Amino acid sequence: MIKQHVFVWDPTPSNSSAVYNYLVKKVNERDLGESIEVYRSTYIGLTSGTPIIRILPKNIIYTKFEQEDLGEIFESIVSDEVVDRFICEYDAKLAPVSERDKQSKQFKIVLRNVGYLDPESIEEYISRGGYKALEKAIFEMDPDRVIKEIKDSGLRGRGGGGFSTGLKWELTRKEPGAEKFVICNADEGDPGAYMDRAVLEGDPHTIVEGMAIGAYAVGCKEGFIYVRAEYPLAIERLEKAISDAKKYGLLGDNILGSEFSFNLELRWGAGAFVCGEETALMASIEGKRGNPKPRPPFPSQSGLWKKPSFINNVETWANIPPIVEKGSGWFSSIGVGRSKGTKVFAVTGKVKDPGLIEVPMGTTFREIVYDLCGGILDNKKFKAVQTGGPSGGVIPEKFIDMSVDYETLMSIGSMMGSGGLIVMDQSDCMVDVNKFYLQFSVDESCGKCAPCRIGGKQLLDLISKITDGKGDKKDIQKIKNISNAMQKASLCALGQTTPNPVLSAMHYFEEEYMEHISDKKCRTGKCSNLVQYMIIPEKCIGCTACALKCPVKCISGEKKKPHIIDQKFCIKCGECFNACKFNAIVRG
Amino acid sequence: MNDIIKIFIDGREIEACQGEKILDAALRNNINIPNLCYDKKLSCTGSCRMCIVSIEDRPVNVPACSTVVENGMKIIAFNDKLEAERKVILDLILSMHNDDCINCVKDGSCDLQDLAFRYDLGRGKRTFHPMWGDAAEYSDSSSQVLNYDATKCIQCQKCIKACQEIQGKGILTLENRGIEAVVSTGYNQWSDSKCDGCGECAQVCPVGALTMKFVYTDGKRFRDKDISKITGTTCPYCGVGCQLDVHTNSENQIIKVTGSESLPNLGSTCVKGRFGLQYSGHKERLKSPMIRRGNSLVECSWNEALAFTAEKLKEIKSIHGGADMIAGMSSARCTNEDNYLFQKFMRTVIGTNNVDHCARICHGSTVASMLTSLGSGAMTNAIADFEKADVIFVTGSNTTETHPVIATAIKRAVLNNNARLIVADPRKIDLVRYAAVWMKQKNGTDIALANGLIHVILKESLQKDDFIKNRTEGFEELKKSVEKYTPEYVEKITGVPADKIIEAARIYGTAQRASIAWTMGITQHACGTDNVTALTNLAVITGNIGREGTGLNPLRGQNNVQGACDMGAQWDSYPGYFQVENETAKNRFESLWKTKLSSKNGIPLTEIMDAVLEGRLKSLYIMGENPAVSEPDLNHTVEALKSLDLLIVQDIFLNETAQYAHVVFPAASALEKNGTFTNTERRVIPVRKVLNMPGQAKEDWEIIQDLAAGMGYFWNYRSWEDIMKEINLVVPQYSGITPERINKGELIQWPCPDSKHPGTSILHGEKFTRGKALLQAVEHIPPAEETSEEYPFVLSTGRNLFHYHTGTMTRKSIALNSFCSDPYFEMNEDDMRELAINEGEKVKILSRRGEIIISARSSKRVEKENLFLPFHFAEAAANMLTINALDPKSKMAELKVCAVNIKRL
């Protein structure tokens with residue numbers, strides 16, 4: 001019998017996963033270790049609030065089960081059977097490995113291994129062609145050739161900036177000095193984004209291999225992976241990957257018997273978003289407060305410990321081994337315009353089927369939202385999509401057929417960002433969404449430079465004023481002034497991009513903004529201070545549905561008689577509004 | 001040095017240096033680009049963003065403070081767009097600044113106030129609502145000397161950088177993120193931190209956020225505009241010779257002290273210099289001459305005091321050999337002019353060479369050793385050279401506390417220039433934190449250690465053979481003598497592991513520019529002279545002398561100990577180090593001073609008390625010294641002072657020594673007189689009158705001149721300048737250091753042979769003062785007193801940062817006392833546990849000579865069975881315990897090692 005590989009993903013912390021623990025216990029009890037192996041897995045492309053079990057090689061995915069179904073699931077694995085009622089409905093994102101599936105519209109380069117191999121087994125990685133690219137680079141290519149290959153591939157930084165990766169390598173290689181550093185930025189922090197986490201947890205060796213290739217090309221003996229401490233499983237797996245790679249002679253001195261030596265170390269981030277900014281990240285590795293530094297000098301000139309350094313994010317690194325292996329021509333044939341290859345997105349928000357997808361550059365938002373993520377939740381109307389997280393902008397419906405690539409996104413006031421994609425429907429208030437992102441940016445501002453430190457807070461206060469119904473038209477100019485100063489004068493990208501969501505929302509949803517200011521109205525009801533829920537006595541039949549739903553019990557009335565909302569205690573959650581089947585509750 | 005290139009700012013062509021920042025070039029050309037976080041002395045922060053400029057053909061604005069100029073660069077510094085953006089940023093900054101200017105000590109001298117005015121951003125003109133109120137919870141006034149008002153802080157980080165990059169301390173940091181970011185020590189409150197109160201941070205703060213407490217005016221606040229005069233003078237404490245700007249108001253009261261932006265301190269001070277000058281106006285100052293009537297001293301007139309003294313001196317002098325029965329203690333605290341006149345008084349008016357001062361128990365051994373081996377006993381290089389060294393070897397010097405501002409230079413060398421620091425010290429002193437190697441030798445084993453280093457260097461052929469061949473003599477003997485000092489042998493003597501000795505030797509031996517610095521840990525030993533000789537050998541064989549960044553650098557302890565030695569306040573030499581026993585020298589001075597001189601060496605300071613008790617001395621004239629606390633073996637000293645026929649004390653306070661005086665002269669303090677000091681790097685620096693003298697006090701030189709007149713010698717010096725002119729003639733090293741040049745603000749290092757000469761920063765450049773350097777073999781000698789069963793602890797004495805010498809000045813400062821006010825000694829925490837002594841518990845320390853009662857402080861700095869005792873406190877005087885074992889070559893007392901025991905009370 002073929003060995004069954006069971007991957008368990010559980011939203012609860014991995015070491016306390018009841019599903020994982022149950023299956024492992026069962027395997028041990030029945031002494032089935034030879035035929036069934038259970039792994040703690042990473043995201044496999046699905047976002048679900050509940051645990052997921054994936055069984056290879058058949059690629060069976062169970063999502064619709066409860067704790068008490070585990071026994072049945074276990075027995076089905078033992079007998080190599082499939083239980084249909086547990087199977088996941090949306091499997092569109094679970095594309096076959098590596099080659100483009102027309103139907104799914106996905107194309108997996110970065111995520112090629114994620115969910116398909118045991119991330120803790122270097123043997124499995126190698127058996128799937130892992131470390132071949134490193135071998136090829138060291139023995140068949142000189143460093144300049146590697147850099148040329150990366151340059152020619154058109155690969156651009158996937159962290160959001162979109163700078164040519166090959167050019168960055170070349171600049172660092174050209175800097176004088178024997179000591180240079182290579183860094184992996186694994187401090188993923190945009191709200192709702194978990195692309196890098198998937199790779200780190202699901203395919204850590206690809207990062208190790210990519211970095212070793214980069215180190216070889218640029219001439220580094222040492223590298224660092226800066227990974228956020230909030231990813232304990234990623235840390236655990238990276239540590240194992242590094243130590244296994246050392247055992248196999250794929251890291252350390254004289255890699256694969258060559259002259260090339262390279263050591264890799266982990267550094268933990270301590271929860272500061274700004275440490276994803278490269279100069280702050282390097283300060284943090286040095287043990288200093290993670291504050292950005294003015295550039296120039298650029299890291300390629302004076303980076304970590306003032307030595308030439310280059311830094312790429314996880315997704316960029318994951319692209320390196322396939323490019324080296326298959327060549328720049330293969331890679332540059334994927335994508336559109338100056339945006340080559342694929343992009344991984346974490347799609348969240350109001351879609352039916354949120355999750356992680358990898359699509360070729362040039363795919364449209366419509367394809368992503370409707371074809372890959374099942375469309376808008378509850379079949380509501382699409383309103384906008386936010387790319388680039390708190391640094392990006394909002395894209396309105398009129399651009400839903402725009403191609404997703406660096407240039408197009410910039411041209412419509414947003415940015416690629418690292419891959420967070422939040423879909424909004426008509427019930428989302430754009431001003432409220434802005435407030436959310438601003439709050440995030442204000443919380444995460446390091447406080448070093450004045451425009452970001454103070455400007456962000458003033459912006460937030462102004463937006464809050466508007467959502468509180470206290471805004472006036474002058475505030476629009478103030479917002480524009482602050483935004484301009486922040487964009488032009490902030491020290492790092494965090495401050496420079498903080499106003500982006502506001503500016504793009506004010507541009508595309510000006511009407512909605514003005515409603516808040518002039519009419520003191522929020523059409524979605526999200527801005528609670530602008531909303532009042534009232535029961536129209538004529539329409540209310542006294543069904544008590546609203547009163548039962550009200551979390552603060554401020555709706556009263558006798559059965560079958562019109563009810564009343566006590567405005568003093570109403571928290572404007574809208575539950576009553578949604579509960580009423582007779583249109584007796586109005587939002588005003 | 002740097003290439004000059006052309007740049008254009010707003011169309012105007014200006015010259016800039018390759019590598020400099022746009023802002024530097026602009027400000028130099030009076031193009032006043034606004035800025036708040038920029039300071040030329042600090043690395044670029046780029047946080048205020050006020051200096052953003054555009055560069056033609058570049059898409060984004062850049063900060064002028066961090067962008068390097070390029071040839072032909074076309075910069076737009078001012079246009080409507082940039083100015084509008086700046087105004088918004090300034091408006092934002094003002095929304096986080098408590099602009100209570102009307103009640104702010106920085107009113108009128110605040111960079112932010114100036115910019116707000118420039119951009120017309122008064123309260124009524126601002127756009128954004130004030131948000132600074134929440135910051136109040138982070139304000140912190142717990143520091144003894146500083147106040148932090150978080151509501152005024154603009155997070156420019158100058159204070160943080162000054163603490164790290166100038167002071168090398170790194171006490172301050174930003175705490176919290178974003179809008180809540182504030183300056184913090186990282187501790188609960190400022191006073192819990194390691195901040196030692198140097199005040200560098202407050203000096204750079206551009207607004208009223210970090211300010212100095214008003215320690216000089218009992219907390220009464222003054223603004224810069226209330227200051228009527230700023231006097232540049234020299235700090236009256238250690239030998240660094242920091243140039244201070246003393247700010248006084250119209251009532252001649254000190255308001256505050258800042259560091260002058262000049263050599264040697266470049267704006268820095270330590271806590272004593274900035275906050276410790278209260279002694280000058282202290283109520284206990286001597287205001288009138290005093291004379292002994294029975295058991296008490298009573299005030300009298302100058303005439304009476306001088307006449308009594310002159311008569312008495314004449315009386316003693318008139319007996320046979322009487323001149324030599326009078327001795328004078330001159331003072332390293334007094335000016336060159338005072339010292340010159342004092343020794344001239346002793347030599348010409350009294351007719352004896354019995355004149356000496358505390359250098360004897362300071363760097364007497366250094367001078368003795370280096371005069372012999374090199375021909376000059378002074379620091380060979382400048383303080384600024386520490387920052388040019390790639391290796392610094394500090395031994396027997398807790399520089400952080402004894403020479404705080406020099407310590408900052410050493411720390412900067414390590415932190416900013418990657419210099420490697422070697423520390424040899426029995427204690428884990430602060431500098432150990434910065435050291436590449438720390439050698440923890442046993443007290444009194446320095447010769448063995450230095451010989452061990454030389455041994456390794458020779459064994460590994462790291463010596464400079466050419467230099468040895470051309471510029472030294474005695475190498476073969478030295479080589480032979482260090483043969484037995486193998487690392488293993490040295491480990492046995494010193495306790496320093498052999499591999500550390502080898503590591504240190506390699507670091508020192510392979511340096512391009514290595515500097516050695518030492519203080520009393522080397523000199524205050526019965527083998528002090530040999531200790532210095534061993535270090536000299538080390539520097540010379542590696543050629544680390546006579547060049548920038550190298551040298552043998554004894555850090556002189558007192559503000560003018562160098563000058564007092566130069567002025568000949570020494571038992572064996574005239575001004576300019578002419579030996580008194582040398583006939584030619586005697587003739588020279590007889591013709592200069594037009595009088596007969598004694599050809600006999602005088603009695604050195606450390607033998608004076610013995611001589612008194614033996615009846616060889618009947619009178620002592622003590623100017624500005626306090627031997628009743630500072631001499632080793634105090635019981636012995638006090639006994640001697642009591643037995644004198646005439647004790648003349650000339651001081652600013654009625655100190656412990658004055659209790660035994662027959663006559664007391666009130667003198668002016670360093671803040672009340674004019675003249676010069678010579679700092680540790682041989683730099684002649686000005687002393688300028690800041691305050692008025694109390695009562696009838698007079699400048700020391702005037703008192704000496706008056707006393708000479710009473711003795712029938714009528715000198716006619718009208719000012720310090722008159723005396724300096726004579727010094728120019730008498731002391732060859734000072735020939736060109738004229739009063740005119742000093743008054744012009746020139747700070748010249750001797751030797752300076754003529755009035756055109758710029759002075760000499762580095763000695764022994766082309767050749768050694770004595771021709772060739774003499775390498776002398778020296779052998780390890782165990783300390784005079786070793787521990788025994790009865791006295792099992794080794795006691796070492798030294799300074800504490802917050803006090804100075806016998807504490808007569810510093811202990812009058814409330815600010816300094818708030819850091820440390822009472823006597824204590826440091827003891828290893830394990831020893832304390834074993835003896836069940838509690839923190840702060842008063843115990844008795846006993847030696848063969850005396851005992852004191854003092855509280856114990858547990859410390860990680862001292863080794864087991866070692867004690868460290870600061871000597872500032874008369875009520876628990878360290879010197880009750882110390883031994884008067886003398887170095888035969890320099891008459892130095894072994895203050896650094898004696899055996900003691902501890903008893904619980």
Side-chain angles (χ1 to χ4, degrees), chain A residues 270-275 279-280 288-297 301 305-306 438-462 465 474-475 477-496 498, chain B residues 21 36-37 43-54 59-68 70 81-82 84-97 127-132 134 153-157 160 164 170 173-183 186 418:
Chain A
F273 177 68
V274 74
C275 286
T279 58
K288 297 175 182 152
R289 180 181 163 96
N291 277 7
K293 276 185 264 211
R295 291 173 299 182
Q301 305 160 305
W305 290 295
K306 298 192 175 151
L438 269 176
Q439 185 66 57
F440 179 85
S441 297
V442 167
D443 286 347
E444 295 297 342
S445 164
C446 76
K448 180 171 177 178
C449 78
C452 175
R453 180 181 70 244
I454 311 169
K457 180 68 167 63
Q458 288 282 8
L459 266 187
L460 176 62
D461 287 356
L462 285 166
K465 209 175 136 196
K474 279 190 214 146
D475 292 337
Q477 192 53 46
K478 285 187 191 176
I479 289 169
K480 284 183 177 161
N481 284 348
I482 299 176
S483 299
N484 180 53
M486 289 182 76
Q487 288 180 321
K488 297 273 178 58
S490 290
L491 173 58
C492 81
L494 173 56
Q496 286 159 11
T498 292
Chain B
K21 309 286 169 60
L36 284 165
C37 67
S43 70
C44 163
T45 307
S47 68
C48 79
R49 316 308 284 179
M50 287 298 293
C51 70
I52 42 162
V53 294
S54 314
V60 290
N61 292 341
V62 295
C65 66
S66 66
T67 308
V68 176
E70 288 164 26
K81 260 172 89 179
L82 282 168
E85 280 156 24
R86 285 181 189 138
K87 193 165 176 173
V88 172
I89 296 169
L90 189 62
D91 202 346
L92 287 170
I93 292 172
L94 286 164
S95 75
M96 273 304 282
H97 177 78
T127 326
F128 308 119
H129 73 109
M131 307 192 296
W132 48 263
D134 293 345
C153 180
I154 57 168
Q155 284 78 24
C156 68
Q157 300 192 35
I160 295 171
Q164 171 68 20
T173 182
L174 274 189
E175 185 181 312
N176 302 337
R177 279 203 306 237
I179 196 72
E180 291 181 3
V182 285
V183 173
N418 293 322

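Reminder, nothing fancy here: chain letters follow the sequence lines and each chain counts from 1. Keep in mind the model is a prediction, meaning the values are calculated, not measured.
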More than 12 heavy atoms of other residues, nucleotides or ligands under 6.0 Å from NZ of A/Lys465: yes or no? yes
Shortest non-hydrogen contact from B/Ser47 to A/Pro451? O-CD, 4.4 Å
Could you check if a side-chain atom of A/Arg453 sits within less than 4.5 angstrom of a side-chain atom of B/Met96, using non-hydrogen atoms only? no
A/Asn484 vs B/Val88, test: side-chain contact (heavy atoms from CB on, under 4.5 Å). Steps then yes/no. CA-CA 9 Å; A/Asn484 180 53; B/Val88 172; over 6 Å; no
Closest heavy-atom contact between B/Gly46 and A/Pro294? CA-CG, 4.2 Å
With chain A, the option among B/Val182, B/Ile93, B/Ile52 that has the most non-hydrogen atom pairs under 4.5 Å is B/Ile93
Under 4.5 Å between any side-chain heavy atoms of B/Thr127 and A/Asn481, yes or no? no
Counting heavy-atom pairs under 4.5 Å with chain B, which one of A/Ala485, A/Ser441, A/Cys446, A/Pro297 comes out on top? A/Cys446
Among B/Asn61, B/Ile89, B/Leu174, the residue with the most heavy-atom pairs under 4.5 Å to chain A is B/Leu174
Honestly, the part of B/Ile179 sitting under 4.5 Å from a heavy atom of chain A is both
Mark yes or no for whether B/Gln155, through its side chain, and A/Cys449, through its backbone, hold a donor-acceptor pair below 3.5 Å. no
Need one label for A/Glu444: side chain, backbone, both or neither, based on atoms under 4.5 Å from any heavy atom in chain B. both
Chain B contact via A/Asp461 - which portion, at a heavy-atom distance below 4.5 Å: side chain
pair A/Lys448-B/Thr45: side-chain heavy atoms closer than 4.5 Å: yes
Which atoms of A/Ser490 approach chain B - backbone, side chain, both or neither, heavy atom under 4.5 Å: backbone
Residue B/Glu175 versus chain A: region with a heavy atom under 4.5 Å: backbone
Closest heavy-atom contact between B/Arg177 and A/Asp443? NE-O, 3.4 Å
Answer key: most heavy-atom pairs under 4.5 Å with chain B among A/Lys293, A/Lys457, A/Gln458 is A/Gln458
Considering all heavy atoms, the nearest B/Asn176-A/Arg289 contact: O-NH2, 2.6 Å
Toward chain A, the part of B/Asp91 with a non-hydrogen atom under 4.5 Å: neither
Check each atom of B/Val60 against the heavy atoms of chain A and say whether the ones under 4.5 Å are side chain, backbone, both or neither. neither
Side chain from CB out, backbone as N, CA, C, O: work out which of these in B/Lys21 comes under 4.5 Å of a heavy atom of chain A, or both, or neither. neither
Specify the closest pair of heavy atoms between B/Arg49 and A/Ala450, including all atoms of both residues, with the distance to one decimal. CG-N, 4.5 Å
With a 4.5 Å limit on heavy-atom distance, are the side chains of B/Ser95 and A/Ile454 in contact? yes
